[in-house]
Number of protein chains: 2
Amino acid sequence: MAGDCLEVLRGFPEQRVDLIVTSPPYADRRPGGISPDEYTEWFMARATQFARVLHPEGSFVLNIKENVINGERSTYVIELVLALRKAGWLWTEEYIWHKRNSMPGRWPNRLRDAWEHCYHFTLSRRFRMYQDAVRVPIGDWAERRMASLSEADMTRQSSRTGSGVAKRVANWAGRTTVLPTNVLHFATESHNRGHHSAFPEALPEFFIKLFTEPGHLVLDPFCGTGTTCVVADRLGRDSVGIDVDKAVRLRPLPRLR
Amino acid sequence: MAGDCLEVLRGFPEQRVDLIVTSPPYADRRPGGISPDEYTEWFMARATQFARVLHPEGSFVLNIKENVINGERSTYVIELVLALRKAGWLWTEEYIWHKRNSMPGRWPNRLRDAWEHCYHFTLSRRFRMYQDAVRVPIGDWAERRMASLSEADMTRQSSRTGSGVAKRVANWAGRTTVLPTNVLHFATESHNRGHHSAFPEALPEFFIKLFTEPGHLVLDPFCGTGTTCVVADRLGRDSVGIDVDKAVRLRPLPRLR
DNA sequence: AGCTCTTATGAATCATTGA
DNA sequence: GTCAATGATTCATAAGAGC
């Protein structure tokens, strides 16, 4: 749906959404952007609506990263976490998205930035979670793990503990799947032309599988080009995407009120 | 040196330390521990001494992770970041330590925890950093790419002058290493007896290489079994370790005052 | 299909230049 | 003086082309 989610969500019924997963706009001093100073206030107004439309056992996943302002990591992200908690959200967990292919570059005071936050907030301590849905086949996991760290990484930084890998392979014998950790290794997707998606499909896919079942309703209040909705649809979930520029809804939404 | 670093550091001269790298005790409600509520106050008293003994162009690396209290990630860590910044420390960067082999286990409301913060604070925007000391082997993609530099590679940066081409070729010819990112993949070391493994040697090693030169002085104010000092010694740096239980200094400290 | 090789580009950051 | 725009730096991935 097109518009500011602050307004659009007012027309939504309570407790109807099972999962909110989104990557909001970053703070930005430029005209048209939200300044770091007013970011928390801006976000919390919308978070009030998020809390209203979210099911009591639902989850809210916030993908964000503090950018550098005047040589420092800005603090509006952690200030937002404190504000959300003060407003009653439970800061249940923090997942790390490790971006395997991060932007290159060299600066005198920092290395390449290769990760982003994925904060997990809930409204109650008893929330829905389907861990078995994100199990990874052992072979696949091992391969992906190897690939994600790349042979280089393995040799790079584990000369001392090189035996670790082989030892673990031995431990895997007999098992077929394992649960992943709270560190997610996904490459950013670069669609060679046209619209860039904020995050790769694998990211919303992981959280949709982890926190919803087929038929549940997924909301992305800052959906951009609609990656979250595309993934939700593919996984058999209903979805609503809201963006000031664009509207995304792939399936007719059943009995929204 | 044995004792509380708050007391011990009072006897230290100003600006003598080139790098502080440490993993402080976590907040803990149990008797003898620092409670989450008073953690920031407890830490900041010591951070005042850190700022006093640290060289103006030195670095302070804080390895920490918020533990779960009553089902939520506790907030004392990010409150500490805000407090440090308020006290004048610059929050320059945040590195993520990805623990390749995290503790097994399964909980109903979260996946296995496999990462920790490594906050990087400085006293000035111009600080010492030796990036070339932490270079890692290049990924295998490079060989193919080296075979023939793409046209875009050569023209992308300076379509106008054309001089960029030669510069670029020179930069890449024969390159075998690249700079790492701010995500560090180290396995935890399990010293099979007694002591809980603080951090693996690779972790302080990375930051000691990145922020100091041989002969510099490294301080770990919560040194535990002294991993930081052992690594510093191996890398040719002087070091001082302080712990309430134990004293660690491997080399005689030259002209400490 | 499967493989190799080529090419574009991604929520980046800093220093410098220009308004 | 501040603030905006431009240039320089650099790595990993997937799409696409070619065989």
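Naming: A, B, ... by sequence-line order, numbering from 1 per chain.
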K.L.:
By nearest atom, which of the nucleotides D:dC11, C:dA11, C:dA15 is closest to the A:Pro104 side chain?
P.N.:
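That would be D:dC11.
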K.L.:
Whole-Å distance between D:dA12 P and A:Trp115 CH2?
P.N.:
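It is 20 Å, rounded to the nearest whole Å.
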K.L.:
What integer number of Å spans the P atoms of D:dT10 and C:dT16?
P.N.:
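The answer is 16 Å between these two P atoms.
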K.L.:
Any Lys/Arg nitrogen of B:Glu213 or B:Arg128 sitting under 4.0 Å from an Asp/Glu carboxylate oxygen of the other?
P.N.:
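B:Arg128 and B:Glu213: not salt-bridged.
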K.L.:
Tell me which nucleotide, if any, is Watson-Crick or G-U wobble paired with C:dA12 when both distances must be under 3.5 Å.
P.N.:
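Partner of C:dA12: D:dT9.
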K.L.:
Does A:Ser23 get its side chain close enough to the base of C:dA11, under 3.5 Å, for a donor-acceptor pair?
P.N.:
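Present.
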K.L.:
Could you measure between the two C1' atoms, the one in D:dC19 and the one in C:dA1, and give it in whole Å?
P.N.:
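These two C1' atoms come out 12 Å apart once rounded.
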K.L.:
What is the separation between atom CZ on A:Phe186 and atom C1' on D:dA14, rounded to the nearest whole Å?
P.N.:
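After rounding, the gap between these two atoms is 17 Å.
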K.L.:
Side chain of A:Met103 only, heavy atoms from C-beta on: which candidate in C:dA15, C:dT13, C:dA12 is closest?
P.N.:
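Of the candidates, C:dA12 comes closest.
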K.L.:
Answer yes or no: is there a donor N or O on one side and an acceptor on the other, between the side chain of A:Arg52 and the main chain of A:Leu9, under 3.5 Å?
P.N.:
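Checked: pair present.
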K.L.:
Round to a whole Å and report the spacing from CE of B:Met129 to C1' of C:dT13.
P.N.:
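Whole-Å distance recorded here is 13 Å.
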K.L.:
Please pick, from C:dA11, D:dC11, C:dA15, the nucleotide with the shortest atom-to-atom distance to any side-chain atom of A:Arg112.
P.N.:
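Ranking C:dA11, D:dC11, C:dA15 by closest atom to the A:Arg112 side chain puts D:dC11 first.
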K.L.:
OP1, OP2 of C:dT13 versus side-chain N and O of A:Arg73: anything below 4.0 Å?
P.N.:
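A:Arg73 to C:dT13 OP1/OP2: side-chain N or O found under 4.0 Å.
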K.L.:
Considering every strand and a 4.0 Å limit on heavy-atom distances, what is the contact class for B:Leu179: base, sugar-phosphate, or nothing?
P.N.:
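It contacts sugar-phosphate atoms only.
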K.L.:
Please check this pair: side chain of A:Glu205 against backbone of A:Pro200, looking for a donor-acceptor N/O pair closer than 3.5 Å.
P.N.:
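Absent.
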K.L.:
Give the rounded distance in Å between these two atoms: CH2 of A:Trp107 and P of C:dA12.
P.N.:
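One finds 9 Å between P of C:dA12 and CH2 of A:Trp107, rounded.
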K.L.:
Both A:Asn67 and A:Ser102 contact DNA chain C. Which one's nearest nucleotide lies toward the 5' end?
P.N.:
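Counting from the 5' end, the first nearest nucleotide belongs to A:Ser102.
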K.L.:
Starting at the 5' end of DNA chain C, which residue's closest nucleotide do you reach first, B:Arg126 or A:Tyr26?
P.N.:
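The residue whose closest nucleotide sits nearer the 5' end is A:Tyr26.
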K.L.:
I need the CG-P distance between A:Asp113 and C:dA12, as an integer number of Å.
P.N.:
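It works out to 9 Å between those atoms.
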K.L.:
Between A:Arg100 and D:dC11, is there a contact of a side-chain N or O with OP1 or OP2 at under 4.0 Å?
P.N.:
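Checking A:Arg100 against D:dC11: no side-chain N or O falls below 4.0 Å of OP1 or OP2.
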K.L.:
Between A:Arg106 and C:dC14, is there a contact of a side-chain N or O with OP1 or OP2 at under 4.0 Å?
P.N.:
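For C:dC14, neither OP1 nor OP2 has a side-chain N or O of A:Arg106 closer than 4.0 Å.
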K.L.:
Starting at atom NE2 of A:His185, determine the distance to atom C1' of D:dT13, rounded to an integer number of angstrom.
P.N.:
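So the NE2-C1' distance, A:His185 to D:dT13, works out to 16 Å.
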K.L.:
Specify the separation, in whole Å, of atom CG of A:Asn70 and atom C1' of C:dT13.
P.N.:
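A:Asn70 atom CG is separated from C:dT13 atom C1' by 12 Å.
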K.L.:
Are A:Lys65 and A:Asp113 close enough for a salt bridge, meaning some N to O gap below 4.0 Å?
P.N.:
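Result for this pair is yes, salt bridge flagged.
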K.L.:
Starting from P on D:dT13, measure out to CZ on A:Phe199 and report it in whole angstrom.
P.N.:
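So the CZ-P distance, A:Phe199 to D:dT13, works out to 20 Å.
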K.L.:
Using the side chain to side chain contact (heavy atoms under 4.5 Å, CB included) definition, which of the options A:Pro221, A:Pro24, A:Cys5 pairs with A:Arg46?
P.N.:
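Among A:Pro221, A:Pro24, A:Cys5, the one that satisfies the side chain to side chain contact (heavy atoms under 4.5 Å, CB included) with A:Arg46 is A:Cys5.
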K.L.:
Tell me whether the side-chain N/O atoms of A:Asn109 come closer than 4.0 Å to OP1 or OP2 in C:dC14.
P.N.:
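Yes.
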K.L.:
Just compare D:dT13, D:dC11, C:dA15 and give me whichever is closest to any side-chain atom of A:Asn101.
P.N.:
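Minimum distance to the A:Asn101 side chain belongs to D:dT13.
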K.L.:
Less than 3.5 Å apart, any donor N or O on the side chain of A:Thr181 or B:Ser102 sitting next to an acceptor on the other?
P.N.:
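No, no side-chain donor-acceptor pair sits under 3.5 Å.
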